[in-house]
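Have a look at the structure below, then the notes.
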Amino acid sequence: MFRKVLIANRGEIAVRIIRTLREMGIGAVAVYSDADRTSLHVRMADEAAHVGPSPSAESYLCIDRLIDAARTHGAEAIHPGYGFLSENAEFAAACDAAGLVFIGPSAESIRKMGLKTPARELAIAAGVPVVPGMQHAARDAEEARMFARDCGYPVLLKAVAGGGGKGMRRVDGDEDLGSAFRDAASEAERAFGNAAIYVEKLIERPRHIEVQLMGDRQGHIIYLGERECSLQRRHQKIMEECPSPLVSEHPEMRHDMGEAAVRIARAAGYHSAGTAEFLVDAARNFYFLEMNTRLQVEHPVTELVTGLDLVRLQLEIAAGEPLRLRQEEIGWRGAAIECRIYAEDPDNHFFPSPGRIQHLDRPLGPGIRIDSGVYPGWTVPLDYDPLLAKLAVWAGSREQAVARMIRALDECHIVGIKTNIGFFRQLMEDDQYRRGELHTGLVDEFLARRPAPEKDPELQAVAALVGQAFLPARSALKDNGRGRHAASAWRTEGREQLLQ
Amino acid sequence: MFRKVLIANRGEIAVRIIRTLREMGIGAVAVYSDADRTSLHVRMADEAAHVGPSPSAESYLCIDRLIDAARTHGAEAIHPGYGFLSENAEFAAACDAAGLVFIGPSAESIRKMGLKTPARELAIAAGVPVVPGMQHAARDAEEARMFARDCGYPVLLKAVAGGGGKGMRRVDGDEDLGSAFRDAASEAERAFGNAAIYVEKLIERPRHIEVQLMGDRQGHIIYLGERECSLQRRHQKIMEECPSPLVSEHPEMRHDMGEAAVRIARAAGYHSAGTAEFLVDAARNFYFLEMNTRLQVEHPVTELVTGLDLVRLQLEIAAGEPLRLRQEEIGWRGAAIECRIYAEDPDNHFFPSPGRIQHLDRPLGPGIRIDSGVYPGWTVPLDYDPLLAKLAVWAGSREQAVARMIRALDECHIVGIKTNIGFFRQLMEDDQYRRGELHTGLVDEFLARRPAPEKDPELQAVAALVGQAFLPARSALKDNGRGRHAASAWRTEGREQLLQ
Amino acid sequence: MTFDVEIDGAATRLEVDRDGEQCRFRFGPQPERRAQLTEVEPGVYSVLLDGRSYEARAEPGEDCAWITIRGHRFRVAITDPRRWLPKGGGGHGAERENVVAAMPGKIVRVLVKPGDSVAAGQGILVVEAMKMQNEMKTRRGGHVVAVAVREGETVAAGAVLATIE
Amino acid sequence: MTFDVEIDGAATRLEVDRDGEQCRFRFGPQPERRAQLTEVEPGVYSVLLDGRSYEARAEPGEDCAWITIRGHRFRVAITDPRRWLPKGGGGHGAERENVVAAMPGKIVRVLVKPGDSVAAGQGILVVEAMKMQNEMKTRRGGHVVAVAVREGETVAAGAVLATIE
C-alpha cells in the first residue's frame, strides 16, 4: 500500500479522502490556493503544498504544479477527488509519465468513456439501450419524420451545432413535424449559422438513476447498486438516495441496470470507481446517458447502505490489489438520503451567498453522517463551488430515513451566510417526494407550487419577544465581546438592502 | 402510538430519546432541575417541566413530581432512560396507578430481576449457569473446603456481612484454606461484628459480555446479540464493543448466550428492552451475573451493528404493538466501538472536572455516531454524573473500527474542562487491546504499564512557536473580545494550581 | 414597557415586563402571559412559554432581527421611533433605479448599453460567483442611463452596476 | 527576538523573527528554519513547517500555555523574567501543607482529626462530586494541625480542607 498520497482537490471531498487515508495509516498531502490557506483540508492534512493563486485555472487545474507538489512531498499516488482534473485524461497520463499512480481509471478509459459519443457507441455495442436519436443531421423534414415514427412520438428536434435550447422543438405528432422542422432550422441558422437539425426521442418526466461500479486492475468488476438522483435544479443534483424508490418496488431493475453497467465498463477495460448514469422512463425502460469516471459527490449514500468505504477500495485497487468482494457478497441494508448544503439563498433566485460562517450547529445522534469542508469562523470563498457540506442520513426504511432527515435538518443551523437547509426542509414535506414519485422536473414543479410558510401566531409571539430582547442588545454589540457578530451584522444588513 | 411522552431523565440519554420521538412524530416532554434549565435536553424538547432543585433526590428521583409533570403536560407514557428511576419498581407501579405507560418492563419483572439473589435463582431454575457459590454461611473450614473442592480452586472466601474487601481471602488450594478461613473470619468479626464466611468460585481475568434482549407484551422475545464491556475502571464500563472479539472467534457463543438470556427473560415474563450480564472465563464458560431491566448506556453499538433503533422498538412495544422482528431476521454487520467521554482528569486520579466548555470540536465523516448532552458555552454541573457524550464508530471490521476510533478521537477536542479523550487515544494503541484480549482488569493493568508519551523534538519546536504566539496575546485577552476565553483562563489557572 | 413591533410586515403592539429571565408580556390582542427567556448561546434563546419549549435563533438584519424558530423565519422590527429610523425603502417606485450586485463576483457579460430601453424584469448584466452565473435584472422599465462596469471586472456585493431611468 | 522557553520542564532558547504569518525561528540547538503560523480559530493555530501541516490548540495555564498537537500535550512557559513571575511552587517540601479540594464538591467523610499523625500519601478527607467520591491525600507526612471543614459541607475548588505540619 502507498505510504503517502496527494489529494488534488479541496473542500469536503479532500477532507473525506484525508479521513480514509488516516484510517489506513497513509500520509495525506493537501494542496491549496491562496484562498484556501486556512481551509479545513489544509488544517487536517499531514502535509500541505501551495499550488498557486485563487482561480482554479492557476492552481487546482495546473497539472504541472500538482505533479511537482507530489514529487516534492514524495507522494506515490494522487487522488483527484471529483470535479477539477478528476476526469481529465491528460492529467492521468501526466501522472503515469511522472511515475505517480493516478487513483482512478486509466487515461485510455477516461478518453473512451469521457466523451458522450464514443461512450454511447460503446454502450450500443455492449447491447445497452441509449436514448434513441439520429447519428447524423436529417437531410430534410421527411427523413426526420421517418425517424420520429420509428422511435415514436414525442420527439425533440435539436440543432447539431446546438446548445442552450436554441433550435430545439418538441414534436408530438406527424402533423406538427413539418412546421416545427422549418422553425427549428431557421432558428438554428440564425443562432449558429448552421441549420442542421437531428431528431432524438423525448423522454418525459424521466428519473435519473445511476449505478455505482467498482473494478480492479485484474478485470474483476462489480456493481454496488443504484442511486436515484432525480432531484435536480439547473441540471445540478441536490439530493440523492439509495436505494431508488422505483428500484425498491421493482428489485429486478438493480440487477438489470447493474449488469448493463458492468457490460459497458468491461467493454472499456475499466477499473477503479465509476458511475453509469441512466435515464428511466415511465415504463421503466432505462437508457444509458454517460459514464462518470471518478468518485461521485453522492457516494456516501452507497457507503451507508452497503457498508463499504469506496475511497478505501479505490486506494487498494490503485495499489494493484485485487478486489476481494464478489458480486453476491454485496448487501443493501435500509435506506440513505443525502442533501447537498449549498451557500445560496433559496428566497432570492438561489443566488450564491459567500461570507463568514459565524455559527454552526450540526445534527448528531443515530444515523447521521456529515461530510463537511467548513468550520465556524471560516469565510467561504467566492472562487469555488458553493457546496459547504453533505448531510446524509441512514435508517431502516425510506420512510424512517425521510423522518430522520427532517429531524437532522431541524438540528442544523448555519448563521452568517444563507443556505438551502430551509428549502430542503420544505421539500421533505412534499407529498410527491414522500411517495417517491421522483423525476428530473420535480424540483422545478415544487418551486412553482411550494406553499407559503404558514404563520403560527404562537411562534410570532415568541419571535417578537426574542426580537425585542435581541435588538436592543445589538447597539452594544461591538463593546461586549461579540465584535465579530456585530461586524457581520453590517454585512448582513448590506445584503438585505440589495436583495429587497 | 403515543402522541406525547415524558422523559424522566437528563443529559445525553434524554437527548437521544427526544431524537427518536421526533422521528416518530411524538411530542417530547423534558423535565429539568434548577441546574439543568439551559441543558440541551430542555432546549431540544417540545415541552419542559421544572421538577425541583439540583440534587437528584429532590428532582429526578421524585416519583410524585415526575408523575404530576406527565399529568400536567398530558403525556401518555414515561421513558425512564437509564439510571435514576429506570430500575425502580415503585416508579413503574406508580405510573400504572396513574394511568401512564411506563416504557420498560412491568413493575413485577423489575422486582424479580432487579435483586441479585432472586434473579440468580431464576437463572438456575432456567438452567443457566451462575458463578458457583455457597447459598449460606459455612459452618466451618471443613464445609468451606468441601465446597471449594466441588467448584474447584481458586476460590474466594467472603464475609456474609461483607463489603469493601474486608474479610475476603483468595485461596488457591486445600492446604491454604484452613488458615485463610481463620484470618477471614476474625477480620470479618472485627470489621462487622459477624464472623460468618461463605465461599464463591473465583473467576480470573474474566470478560464482561452482555446480551441485549427485546421482548413484546405478547411474549415474543429475541436477542439482538452481545456487547463486550470488559473495559472498566472502578467497576464502571468506559468502552464497549459489538461484536465481542471473543464471540467473533467463536460464533456459537452468540447463540448459546443469547438463548440462555432469552430463557431467563421468558421465565420472568419479561418485556421491553433488557440486558443479561455474564462473566466469561478463560475456558469460555459463561456465568449469569444479573439482568439490567432498562436501556443500557452502551446500546448504540448494538444499533450500529444490527441497524435497529432500540428506543423505537421500546416505544412500539410499550404501545402494545407486537415485535415484528423474528430471531432469524436479526443480522450483525461489521463492528462498532463506543467510548464514554467523561469530564474527568486522567492525569490526576481521574478527578471529576466540571466547568464551562469553551470550545468543542466533534469528529465527522464516515462511520461516526455521537450522542451528546453538551454544547459549547454550557457549564457542566457538578451535581450529576460526568458523562459528556458517547463517541461511537462503525466500520466493516474491528481492525477498521479501531483505526476509525483513533481518527475520531484525534478530531475530537474539548477545551475548558479535562476529559478522558487522550486516555482513550493511548488505550487504543495498546497491543493487548488491539488483539482483543480483553478482561475486566485490563484497564488497571494498562494504567500501570501505560507508556510515558514520547517527546518528538519537532512537535516541541511547534509547541514553543505556538506558545510564544499565544502567551503574549493573553495579557490583552480581556480587551480584545475574547473575554470568556480570558475569564476561563483564570479558572484553568486556579485548577492547575490545586492539582500540582 | 410597550413597543411597536413589525413581524413580517404586520405591525403589532408588544408589552413586555421583564424580571431577569422571567417576563410578563402581552402580544397584540392576546391576553397577558408569562414566559421565561434565556440566551443560552450568543444569539440563541431558549424560551419556555406555557410549558412549551422553543429555541429561537436571532440574526441581525437591516433595521430588524431575523428570528428562526422550528424552521420558520420571521423578520422582526421594533418600529419604536426612539430607537429605529424609518426603513430605507431601497428605491421602490423611485425615478431612478440602481442595479446592484446581489453578491460579490465577476462581471461575465453586460447585456445592455447606455441609451437602450429596457423592460421591467429585463436582465442587465451577468455576474459570476461560486462557479454560477447570475443575471442581475432591473425592477423598473425605462432606459439605461449608465453602465458602471466592464466585462471581466470583479465587483463587491452592493456595487452599483448600472442605472435605469 | 529571543525567549527563554520551558517545555515540559526543560528550559530551551527560542529565537523568533515574525513577519505577519511568516516567521524565521531557531529552537534550541536546531538550525534556523522558516514556518507559517495562522490562528484559524481562537486558540487554534495552523502551522506549516517544511511542508508539514500541524494543527495546535492552545489553552492558558498557570504561568504557561498548554499546547496540544496531534494528541500530544505540552506545557509551554516563557520564562523571560520581564513577562513571567517565577513559578509558585505550590508548597513542595514546605514546612506546612494545605490539603485543598481538587474540585468543587461535598465533604462526605473526614478521615482524620487534629493531632493525628499522618503518613505521606495518606487520605485526609473524601470529597464527592459528579456522583464520585474522591480521597484528598496529603503529600507530606506529619501531624494534622487543623481540619477546616465538616462532613456534609459543600466546598469550592481550591478550598483549604486541612493543614498538615
Side-chain angles (χ1 to χ4, degrees), chain A residues 12 15-25 40 44 299-300 303-304 306-312 331 333-334 359 361-372 375-376 389 392-396 399-408 410-411 478-486, chain B residues 12 15-16 18-25 40 44 299-300 303-304 306-312 331 333-334 359 361-372 375-376 389 392-396 399-408 410-411 478-487:
Chain A
E12 70 83 18
V15 170
R16 187 260 173 276
I17 293 163
I18 288 171
R19 287 189 165 120
T20 288
L21 291 172
R22 275 250 188 304
E23 295 174 11
M24 294 177 74
L40 194 57
M44 285 180 68
H299 73 279
E303 293 185 322
L304 284 165
T306 60
L308 299 170
D309 180 338
L310 299 194
V311 174
R312 179 181 282 263
R333 174 193 267 183
H359 187 84
D361 280 338
R362 299 189 184 95
L364 300 173
I368 305 279
R369 169 174 169 175
I370 298 171
D371 289 280
S372 169
Y375 60 88
V393 300
W394 180 94
E399 187 189 358
Q400 289 178 22
V402 169
R404 183 160 283 172
M405 179 59 86
I406 290 174
R407 189 268 290 175
D410 286 343
E411 289 184 25
K478 283 215 182 36
D479 330 329
N480 72 357
R482 282 207 257 134
R484 290 229 179 71
H485 211 75
Chain B
E12 70 83 19
V15 170
R16 187 259 172 278
I18 288 170
R19 287 189 165 120
T20 288
L21 290 172
R22 275 250 189 303
E23 294 175 13
M24 294 177 74
L40 193 57
M44 285 181 66
H299 75 278
E303 293 185 323
L304 285 166
T306 61
L308 299 170
D309 179 338
L310 299 194
V311 174
R312 179 181 281 263
R333 175 192 266 182
H359 187 84
D361 280 339
R362 300 190 183 95
L364 300 173
I368 305 278
R369 169 174 171 176
I370 299 171
D371 289 278
S372 169
Y375 60 89
V393 300
W394 179 94
E399 189 189 358
Q400 289 179 22
V402 169
R404 182 158 284 172
M405 179 59 87
I406 289 173
R407 189 268 289 175
D410 286 344
E411 289 184 25
K478 280 213 184 37
D479 329 327
N480 71 357
R482 280 207 258 135
R484 289 229 180 73
H485 211 75

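Scored by the side chain to side chain donor-acceptor pair (under 3.5 Å) test, A/Glu411 finds A/Arg407, B/Arg19 as partners (sequence neighbours excluded).
Interface remark: of the candidates A/Glu12, A/Arg362, A/Met44, A/Gln400, A/Gln400 forms the most heavy-atom pairs closer than 4.5 Å to chain B. Of all the listed residues (B/Thr306, B/Asp371, B/Val15), the one sharing the greatest number of non-hydrogen pairs under 4.5 Å with chain A is B/Thr306.
For A/Ile406, no part lies near chain B; criterion is any non-hydrogen pair under 4.5 Å. Proximity to chain B is absent for every atom of A/Asp410, based on heavy atoms less than 4.5 angstrom apart. Neither the backbone nor the side chain of A/Met24 comes within contact range of chain B, judged by heavy atoms closer than 4.5 Å. Interface residue B/Pro366: backbone and side-chain heavy atoms are both found under 4.5 Å from chain A. With a 4.5 angstrom heavy-atom cutoff, B/Arg16 touches chain A only via side-chain atoms.
To the nearest 0.5 Å, atom CH2 of residue B/Trp394 and atom CG of residue A/Leu304 are 9.5 Å apart. Separation of atoms CD1 (B/Ile368) and CD1 (A/Ile370) is listed at 11.0 Å; rounding is to 0.5 Å.
Using modelled atom types, no side-chain atom of A/Arg404 and backbone atom of B/Thr20 make a donor-acceptor pair closer than 3.5 Å.
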